[in-house]
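Chain letters run A, B, ... following the sequence lines, proteins first, then strands; residues in each count from 1.
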Protein chains: 2
Amino acid sequence: MTDADRELPGAREAAEAWESLFRAQVALMRRFQRDDVWGDLTIREYDVLFTLSGCPGGTARLKELGEGSLLTQPSLSRMVERLEQAGLVERGPVQGDARGVAVCLTPEGRRVQREIGRRHVRSIRRLVGGALDTEELATLRALTDKLRAAQAQIPDPSGSDA
Amino acid sequence: MTDADRELPGAREAAEAWESLFRAQVALMRRFQRDDVWGDLTIREYDVLFTLSGCPGGTARLKELGEGSLLTQPSLSRMVERLEQAGLVERGPVQGDARGVAVCLTPEGRRVQREIGRRHVRSIRRLVGGALDTEELATLRALTDKLRAAQAQIPDPSGSDA
DNA sequence: CTCCCTTTCATGCATACGCATCGATCTTGT
DNA sequence: ACAAGATCGATGCGTATGCATGAAAGGGAG
């Protein structure tokens with residue numbers, strides 16, 4: 001048994017926490033999907049616009065966008081293609097890397113993202129804010145932030161341990 | 001402003017908590033998907049088998065299965081059809097409702113679910129248990145349980161408030 | 001510089017998904 | 001009992017997704 005193993009909480013506690021987190025996310029996502037706030041967009045497409053809206057200049061590389069998404073690289077590539085045809089983003093070259101594709105929010109794309117975002121936040125406030133008080137929200141956020149941050153530190157289970 | 005509005009925490013706190021929860025879920029799901037533990041199944045298919053494994057007799061109605069899934073009813077209907085062709089579940093009639101379809105885990109289906117589940121739990125322990133200690137896991141679970149339970153109590157934003 | 005391997009994005013193809021709709025059954029009101 | 005409406009699941013059809021692969025550019029060793 002290694003030191004790392006010794007530090008791990010029981011599998012039961014970890015599995016139950018993950019399942020609860022997952023189920024809560026599914027339950028909320030189902031309700032958000034039903035919301036009549038998405039216009040012509042999919043919730044996944046909105047998520048891409050939202051991610052872009054938080055990037056400097058409303059611009060990010062395709063690769064970066066993919067890292068925050070559950071979509072595969074080909075799927076994201078085609079989704080961006082559709083968003084470009086819809087006039088919500090533009091694709092351009094990347095400074096200093098001719099392979100890269102810079103995805104940039106158009107003014108219309110930013111407007112649409114803000115419009116949907118405003119309505120979506122109301123729904124979040126009702127469903128999430130209606131379930132937990134301010135202190136609980138802060139605790140939840142701290143824990144999920146920590147959980148996500150830790151993923152960058154935990155290596156893949158590749159044969160590196162041999 | 002109604003009493004319900006007065007009770008709500010700020011939209012900012014709710015939105016930040018939801019975003020953090022969502023991003024943590026995405027980050028973890030991405031890593032789980034990479035895991036070489038799923039055999040011939042999709043993670044979504046495993047989730048259906050897992051849900052069934054927690055039902056009395058390994059059986060549930062199609063409708064019930066759908067309530068715990070992000071899939072639409074037609075998609076779930078066809079997924080169950082595929083799982084049946086793979087010999088992992090069986091479809092049968094429902095007691096007292098000729099419309100219903102009872103989905104039942106076959107012995108092989110239960111075996112496959114347990115096999116995958118065992119490997120998956122190891123990964124959960126590593127990635128989730130490696131990020132939070134036992135007390136934090138318990139707190140996270142309590143909050144997400146509460147969050148999910150509350151969704152059943154909060155009505156749709158239909159015109160019922162007029 | 002050149003070769004080789006990696007990284008980044010696009011494309012062909014098969015498949016799973018969502019939307020709209022249908023058929024069948026249950027439920028409710030009269 | 002009957003008609004009208006709701007609920008449950010299946011199916012047609014167009015589209016989005018994933019896997020495998022390709023094309024183009026970066027990076028490093030000789």
- [ ] Under 4.0 Å between any heavy atoms, over every strand shown, what does E81(B) touch: base, sugar-phosphate, or nothing? Just pick one.
- [x] nothing
Task: Atom-pair distance (CG on L65(B); P on dC8(D)), nearest Å - done: 13 Å
Open item on the list: For dC17(C) and R44(B) - does any side-chain N or O of the residue sit under 4.0 Å from the phosphate oxygens OP1/OP2?
Closed with: yes
TODO: For dT17(D), take OP1 and OP2 only and decide whether either is under 4.0 Å from a side-chain N or O of T72(A).
DONE: no
- [ ] Starting at atom CE of M79(B), determine the distance to atom P of dG18(D), rounded to an integer number of angstrom.
- [x] 13 Å
Open item on the list: Measuring to OP1 and OP2 of dC9(C), would you say a side-chain N or O of R61(A) lies under 4.0 angstrom away?
Closed with: yes
Open item on the list: Let's see if you can work this out: which of dG9(D), dT6(C), dT25(C) has an atom nearest to the side-chain heavy atoms of L62(B)?
Closed with: dG9(D)
- [ ] For S75(B) and for G96(B), locate the closest nucleotide of DNA chain C by heavy-atom distance; then report the residue assigned to the nucleotide nearer the 5' terminus.
- [x] S75(B)
- [ ] Could you state the atom-to-atom distance from CG of L83(B) to C1' of dA16(C) in whole Å?
- [x] 13 Å
- [ ] Would you kindly give the CZ-to-P distance between R78(A) and dT15(C), to the nearest whole Å?
- [x] 16 Å
Open item on the list: Minimum heavy-atom separation for I116(A) and V37(A), please, with both atom names.
Closed with: CG2-O, 3.4 Å
TODO: Check the distance between dA6(D)'s P and Q73(B)'s CD and give it to me in whole angstrom.
DONE: 18 Å
- [ ] Would you name the heavy atoms of V121(A) and A11(B) that are closest together and state the gap between them?
- [x] CG1-CB, 3.8 Å
Task: T51(A) side chain vs D47(A) backbone, donor-acceptor pair below 3.5 Å - done: yes
TODO: Return no unless some side-chain N or O of R91(B) is found under 4.0 Å from OP1 or OP2 of dA10(D).
DONE: yes
Task: Residue pair R125(B), W18(A): steps toward the side chain to side chain contact (heavy atoms under 4.5 Å, CB included) verdict - done: CA-CA 9 Å; R125(B) 188 184 192 198; W18(A) 165 247; over 6 Å; no
Open item on the list: Checking the side chain of E90(B) only, and the main-chain atoms of E84(B) only, is there a donor and an acceptor separated by less than 3.5 Å?
Closed with: no
Task: Listed nucleotide nearest any side-chain atom of A98(A), set dC8(D), dT11(D), dA25(D) - done: dA25(D)
- [ ] Choose from dG18(D), dA10(D), dC26(C) the nucleotide whose nearest atom is closest to any side-chain atom of L71(A).
- [x] dG18(D)
Task: Protein-nucleotide distance (L41(A), atom CG; dT15(D), atom C1'), rounded to Å - done: 16 Å
TODO: Nearest whole angstrom, please: distance from the P of dC17(C) to the CE of M29(A).
DONE: 17 Å
- [ ] Please tell me which of the listed nucleotides, dT7(D), dG9(D), dA20(D), lies nearest to the side chain of P74(A)?
- [x] dA20(D)
Open item on the list: Among dA16(C), dC26(C), dA10(D), which nucleotide has an atom closest to any side-chain atom of R82(B)?
Closed with: dA16(C)
Task: Nucleotide of dG26(D), dC19(D), dT11(C) approaching S77(A) most closely (side-chain heavy atoms) - done: dT11(C)
Task: Which nucleotide in dA10(D), dC26(C), dG18(C) has an atom nearest any side-chain atom of R99(B) - done: dC26(C)
Open item on the list: Applying a strict under-4.5 Å side-chain criterion to I, L, V, M, F, W and Y, I'd like to know whether L88(B) and F50(B) cluster together.
Closed with: yes
- [ ] Would you kindly give the CG-to-C1' distance between L76(A) and dC9(C), to the nearest whole Å?
- [x] 10 Å
Task: Candidate nucleotides dC26(C), dA10(C), dT17(D), ranked by approach to the side chain of D97(B) - the nearest - done: dC26(C)
